[in-house]
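This report concerns only the one structure given below.
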There are 2 protein chains.
Amino acid sequence: MTVQDSTTLLDGVLVRLRAMIADGELAAGAPVREREMCELLSVSRTPLREALKVLAAERLLELRPNRGAIVLGLTERDVRDMFEVMEALEATAGRLACERASDADIAEIQALHWQMHAHYLRAELEPYFRLNQAIHARIVDATGNAVLQSNYAALAARIRNARYLANRWSRERWDEAMREHGLILDALIARDGARLSEILAGHLRGKGAAVLEHLQAPIPAEAGTRSAAAA
Amino acid sequence: MTVQDSTTLLDGVLVRLRAMIADGELAAGAPVREREMCELLSVSRTPLREALKVLAAERLLELRPNRGAIVLGLTERDVRDMFEVMEALEATAGRLACERASDADIAEIQALHWQMHAHYLRAELEPYFRLNQAIHARIVDATGNAVLQSNYAALAARIRNARYLANRWSRERWDEAMREHGLILDALIARDGARLSEILAGHLRGKGAAVLEHLQAPIPAEAGTRSAAAA
DNA sequence: ATCTGCCAGATTGCATGCAATCGACCAGGT
DNA sequence: ACCTGGTCGATTGCATGCAATCTGGCAGAT
């Protein structure tokens with residue numbers, strides 16, 4: 001699939017660049033040169049430049065005037081801040097989802113849960129994570145709140161681009177997370193909003209703590225000052 | 001102040017357009033034609049087009065391929081969704097602010113509070129609202145969480161552009177809001193995070209309910225489908 | 001040896017030209 | 001009278017050219 005398949009070149013470039021960042025193809029700190037990227041994507045500078053501006057507004061890139069763009073990494077502070085906000089969003093999502101989710105929504109989340117559980121048993125990290133993210137996203141979606149959804153998705157995308165976070169889970173943490181997911185499912189099925197909200201918040205705190213712990217030693221190429229480009 | 005004073009034309013255009021939308025100079029549903037706006041701002045199409053893309057990503061505009069951009073209005077659903085998210089964010093902000101705010105932060109918020117109170121007594125709506133927004137923003141800032149800050153600011157900006165929301169407060173609602181603000185200040189000074197969090201959430205719910213109530217009758221020019229342009 | 005000033009290459013910021021697309025209007029047919 | 005098909009004007013999407021800015025290296029002075 002090339003960039004040209006989209007309705008507009010800009011859209012295609014956006015999709016492609018976001019994927020490249022999320023997949024680590026463009027690592028944190030990597031410079032993004034206009035002409036170079038133009039050749040790679042086979043588009044002219046105009047749509048590419050427009051895409052860079054949008055991605056900068058999403059805090060995925062940093063634009064340094066006259067000096068090009070670089071992929072924004074996450075500082076420890078960023079991760080901490082983001083988990084705090086995600087905790088707030090998911091807690092609210094849990095409460096609302098219990099009120100508003102359709103039975104079909106819950107059934108689907110349940111199905112995802114057991115799929116994930118199977119991967120957990122087989123210690124298949126990659127698909128486990130994919131389903132994990134899907135479950136959390138589905139809970140948020142089940143609130144029917146589009147604003148909540150998009151804010152959550154934006155944060156999730158930014159965190160995902162720090163791929164190294166996913167490595168080196170301790171077995172204990174994994175077991176604990178899986179246990180928590182069991183409680184999450186129970187609360188959702190019981191439509192106990194207060195309980196689900198609390199569990200999700202605790203789950204996020206645990207996740208955040210684990211991530212931050214593993215963020216101490218392996219400090220990857222870190223770059224990017226906090227200068228607000230266009231937010 | 002013209003657009004040219006900024007470091008880059010794009011930045012200038014962004015600031016200017018955001019202000020025009022927030023001030024209602026560009027009303028909801030109004031089309032934004034490139035050439036027209038270029039003349040108005042005295043820039044060429046390139047920086048203007050880049051700005052439009054960014055504003056679309058911020059959900060302030062909607063880009064319709066080959067048909068130009070229009071200013072996005074807020075549906076009742078949008079407002080409801082946004083207040084739900086703001087409630088979550090402010091609740092978290094209240095809790096964190098009590099832990100982390102410096103005494104100077106609190107003193108400043110206190111000063112803003114009494115200024116606002118003075119305007120309340122004189123029934124000066126406009127400055128009252130300005131200070132109201134400033135107080136809430138300051139509480140969020142006091143958490144030191146940049147992610148929380150920017151997410152909150154983005155929502156506040158989108159809501160602010162629906163200016164009609166500010167009109168026709170009932171006296172009762174105003175009194176109640178002022179009372180609540182007194183409690184907010186008390187809790188903050190006492191650094192009682194749990195209490196502040198709860199009060200802020202309730203305050204937001206009240207605000208949201210009041211806004212939605214007044215949103216029933218005066219349905220202004222509404223426009224914009226929910227098609228995600230580039231989010 | 002270190003520092004300062006300058007120059008050249010590279011890269012971005014902006015302006016503009018061209019082609020493709022969309023919407024409105026009008027003519028013709030049923 | 002209503003509907004269908006086609007054309008024209010307007011507007012956007014994209015490509016490219018030019019000037020301004022920044023980086024790195026080098027020469028010369030202290």
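For the pair A:L9 CG and C:dT21 P, the interatomic distance rounds to 12 Å; values are reported in whole Å. Put simply, CG on A:L63 is 11 Å from P on C:dC14, counting in whole angstrom units. Distance, B:L41 CG to C:dA15 P: 12 Å, rounded to whole Å. A straight line from CD1 of B:I70 to P of D:dT12 spans 13 Å, rounded to a whole angstrom.
When atom types are taken as modelled, the side chain of B:D81 and the backbone of A:A146 share a donor-acceptor pair closer than 3.5 angstrom. Although no hydrogens or angles enter the test, the distance criterion places no donor-acceptor pair under 3.5 Å between the side chain of B:D23 and the main chain of B:E25.
Here the side chains of A:L48 and A:L17 are in contact, with some heavy-atom distance below 4.5 Å. At a threshold of 4.5 Å between non-hydrogen side-chain atoms, the residues B:R64 and B:E62 count as touching.
Both A:P65 and B:A69 lie near DNA chain D, and the one whose nearest nucleotide falls closer to the 5' end is B:A69.
A salt bridge does not link A:R80 with A:E84: every distance from a Lys NZ or Arg NE/NH1/NH2 to an Asp or Glu carboxylate oxygen is 4.0 Å or more. Taking a cutoff of 4.0 Å between a charged side-chain nitrogen and a carboxylate oxygen, A:R158 and A:E58 do not qualify as a salt bridge. Salt-bridge formation is not detected for the pair A:E213/A:R173: no Lys NZ or Arg NE/NH1/NH2 atom is positioned less than 4.0 Å from an Asp or Glu carboxylate oxygen.
Under the ring pair (Phe, Tyr, Trp, His ring centres under 6.0 Å) criterion, A:H203 pairs with A:H136, A:H181, sequence neighbours left out.
Contacts between residues 44-52 of chain A and DNA chain D, counted as heavy-atom distances below 4.0 Å, involve A:S44, A:R45, A:T46, A:P47.
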Find every protein N or O atom lying less than 3.5 Å from an N or O atom of nucleotides 8-11 of chain D, and list the pairs.
none

